[in-house]
Protein chains: 2
Amino acid sequence: MTRGGTTGRRERLRAETTAEIKRVALELMASSGPDAITLRAIAREMGMTANAIYGYFATRDDLITTLIKDVYTALADAVDAAWEASSEEDPATRIRSWADAFRNWSLANPQGFRLVYGDPVPGYRAPEDGAAPDAARRVCIGLTALAACAWPQAEHLYADSAFDWPDFDPALLDKVRPAFPELPPAAVALALRIWGHLHGLVSLEVYGHMGAQTVSPDKLFHEELTQLVRALTLTPATGG
Amino acid sequence: MTRGGTTGRRERLRAETTAEIKRVALELMASSGPDAITLRAIAREMGMTANAIYGYFATRDDLITTLIKDVYTALADAVDAAWEASSEEDPATRIRSWADAFRNWSLANPQGFRLVYGDPVPGYRAPEDGAAPDAARRVCIGLTALAACAWPQAEHLYADSAFDWPDFDPALLDKVRPAFPELPPAAVALALRIWGHLHGLVSLEVYGHMGAQTVSPDKLFHEELTQLVRALTLTPATGG
DNA sequence: CACAGAAACTATACGGCGTGAAGTTTCTGC
DNA sequence: GCAGAAACTTCACGCCGTATAGTTTCTGTG
């Protein structure tokens, strides 16, 4: 008979080792950048041989994919939490919360941001459906929620929008439309544009293409959000 | 006596070899991605030994830096040309031209875009003052020119702007203020925000974080520009 | 012309990388 | 106690950047 306790021991050790590999990998990334994630370095840190890791991850890329999944999920948790915590009745503040959470997480985990959104590790190639489809979907839906909550007040700005459903990738719409059945194509376009703005500014900041340029990127991001809610004709949070 | 013709021969051969190294490197990048830029691969392609390249570039990173300089300069040429070719009297069209040139170049040279703005080659570390300070300066000034040409009409939108010169990196201001002495801090902030928008959207497109999401990124980018000139209260190009 | 010296290039080597194959130790369930 | 599985090590291969030393080829001068 296979007693649960006994079988569980191996499994527990295995889970612990798996967790340690990931932890050490993330530490290496945080301290020395994504380049430092090498099987040999991880093994060295753990007092093991590099090949031992193959018992836990089929290839190095599999390990990276798992890391991306973890990190991306943490990001999704952060923005989702900010969204949930904000008042449903104040779209402007809600958008600010989400965007601030996104930026704050990214600045707190710059290496994670690079891992998720950049070319992270030397020769890494993501799997066909993306490294972390679930987390990507969550962020995508969160983003659409921004557009959705602003839409009632902002719709009039896009009366002449020329977007139609065929303009978008069916895979994207499969994610978005079930969650927001009422939303028109123009709102999806708005969501993508907002995504471009936020990702763009944060990316410049994280990659230092701007960090070396602006002393107070905080102010700039805040200004961006102010202009965004103003452009969407939402009640500005500061205005009262 | 050192006759110019004879001395010139070696120099010419040297220049040709240098050019071939760069050409082969760019071909490798275009065909197999930035990862493929290795001294050994270049040498293989040229029927040489990898070490021979050290006669032309001190290190691999020096070669990469030179490539970035070349590619970045080509980008700067493209956007500058679009700017020069557009009418001085129509800010909206001018901004569109610049932005379109930026996007078109980036889509035509996605690997180049990654080389300039992403983590390009595995372990590459850019020199202290950036890989291509000259080209970066040109793009930066071109960008500020966008804000500058929109400023007369857009200034009223930023009357309550809280930006001041100390908010910006002195190095940035050294580039920008001599070229645009009249420009206030709020306009520089606007330029940086526009940069974030454009870079963000193009970056999402180039990296496929959106390529897999939008079937017609063209339309989306166009929409972005329309909203931008509208937000800046410039005469829309289509409106007449 | 010969010849010294510089320039261009090759050969060899080292350490690092991912990873495959084969061997060894340690644990587990009967 | 023992067969077998799981965990891990050893060795090997080919890739990488690059340092050192040696070899070839070109160049200007006598």
Side-chain angles (χ1 to χ4, degrees), chain A residues 1-21 24-25 28-29 32-67 119-127, chain B residues 1-21 24-25 28-29 32-67 119-127:
Chain A
M1 186 214 282
T2 304
R3 285 181 300 117
T6 319
T7 304
R9 180 176 142 72
R10 273 255 186 103
E11 276 169 16
R12 200 182 61 246
L13 285 177
R14 188 178 176 74
E16 277 168 13
T17 306
T18 306
E20 190 183 356
I21 293 172
V24 170
L28 284 169
M29 179 180 74
S32 313
D35 298 9
I37 306 180
T38 68
L39 297 183
R40 291 179 130 103
I42 295 167
R44 224 176 290 133
E45 201 77 19
M46 294 176 65
M48 281 174 35
T49 305
N51 275 359
I53 298 178
Y54 283 91
Y56 300 87
F57 298 93
T59 65
R60 187 204 59 149
D61 280 16
D62 271 29
L63 168 59
I64 305 287
T65 297
T66 303
L67 292 178
D119 308 82
V121 189
Y124 175 71
R125 282 293 128 223
Chain B
M1 187 215 286
T2 305
R3 286 181 298 112
T6 318
T7 303
R9 182 179 138 72
R10 269 247 258 253
E11 277 169 15
R12 200 182 61 246
L13 285 176
R14 187 176 177 76
E16 277 169 13
T17 306
T18 306
E20 191 183 355
I21 293 172
V24 170
L28 284 170
M29 179 181 74
S32 314
D35 298 8
I37 306 180
T38 68
L39 297 184
R40 292 180 130 103
I42 295 167
R44 225 175 289 133
E45 200 79 17
M46 294 176 65
M48 281 173 37
T49 305
N51 275 355
I53 297 178
Y54 282 91
Y56 300 88
F57 298 93
T59 65
R60 186 203 60 149
D61 280 16
D62 271 30
L63 168 59
I64 305 286
T65 298
T66 304
L67 292 179
D119 309 82
V121 189
Y124 175 70
R125 282 294 128 222

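We name chains A, B, ... by the order of the sequence lines, and we start the count at 1 in each one. Since the model is a prediction, treat every value here as computed from it, not as a measurement.
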Rounding to a whole Å, what distance do you find between A:Glu11:CD and C:dT28:C1'? 12 Å

Mind listing the N/O atom pairs, protein and nucleotides 23-27 of chain C, below 3.5 Å?
{"from": "C:dC27", "atom 1": "O2", "to": "A:Arg10", "atom 2": "NH2", "distance (Å)": "3.2"}

Take atom CD1 of B:Ile64 and atom C1' of D:dC16, then tell me their distance rounded to the nearest Å. 13 Å

To the nearest angstrom, the CZ-P distance between A:Arg40 and D:dC13 comes to 14 Å

On a heavy-atom basis, which atom in A:Arg14 and which in A:Gly55 lie closest, and how many Å separate them? NH2-O, 2.6 Å

Does a side-chain N or O from A:Tyr56 land closer than 4.0 Å to OP1 or OP2 of D:dC8, or not? yes

Of the listed nucleotides (C:dC17, D:dG17, D:dC8), which one gets closest to any side-chain atom of A:Arg44? C:dC17

Go through B:Ile42 and B:Leu63 one step at a time and tell me if the side chain to side chain contact (heavy atoms under 4.5 Å, CB included) criterion holds. CA-CA 11 Å; B:Ile42 295 167; B:Leu63 168 59; 3.6 Å; yes

Nearest-Å distance, CE (A:Met48) to P (D:dA6)? 17 Å

Main-chain N/O of A:Ala41 paired to A:Thr38 side chain as donor or acceptor, under 3.5 Å: yes

Looking at every heavy atom in both B:Arg40 and B:Ala50, which two are closest together, and how far apart are they? CG-CB, 3.7 Å

Provide, to the nearest angstrom, the distance between the CG atom belonging to B:Leu13 and the C1' atom belonging to C:dC9. 14 Å

From CA spacing to verdict: side chain to side chain contact (heavy atoms under 4.5 Å, CB included), A:Phe57, A:Ile64: CA-CA 9 Å; A:Phe57 298 93; A:Ile64 305 287; over 6 Å; no

Could you work out, with side chain to side chain donor-acceptor pair (under 3.5 Å) as the rule, every residue matching B:Thr65, not counting sequence neighbours? B:Tyr124

Let me know the distance between CD1 of A:Ile37 and P of C:dG18, rounded to the nearest Å. 11 Å

How close do A:Ile53 and A:Ile21 get, heavy atom to heavy atom, and via which atoms? CG2-CD1, 4.2 Å

Protein-nucleotides 20-22 of chain D N/O pairs closer than 3.5 Å?
{"from": "D:dT20", "atom 1": "O4", "to": "B:Asn51", "atom 2": "ND2", "distance (Å)": "3.4"}

I want to check something: taking the side chain as every heavy atom from C-beta on, are B:Leu39 and B:Tyr54 in contact at a cut-off of under 4.5 Å? yes

Is B:Thr38 near enough to D:dC16 that one of its side-chain N or O atoms lies under 4.0 angstrom from OP1 or OP2? yes

Looking at every strand, decide which applies to B:Thr17 at a 4.0 Å heavy-atom threshold: base, sugar-phosphate, or nothing. nothing

Take the protein atom CG of A:Leu39 and the nucleotide atom P of C:dG20, then report the distance between them rounded to whole Å. 11 Å

note: B:Arg14, atom CZ; D:dT27, atom P; distance rounded to Å ~ 14 Å

Note: B:Arg60 and B:Ile37 closest approach over all heavy atoms is CD-O, 4.4 Å

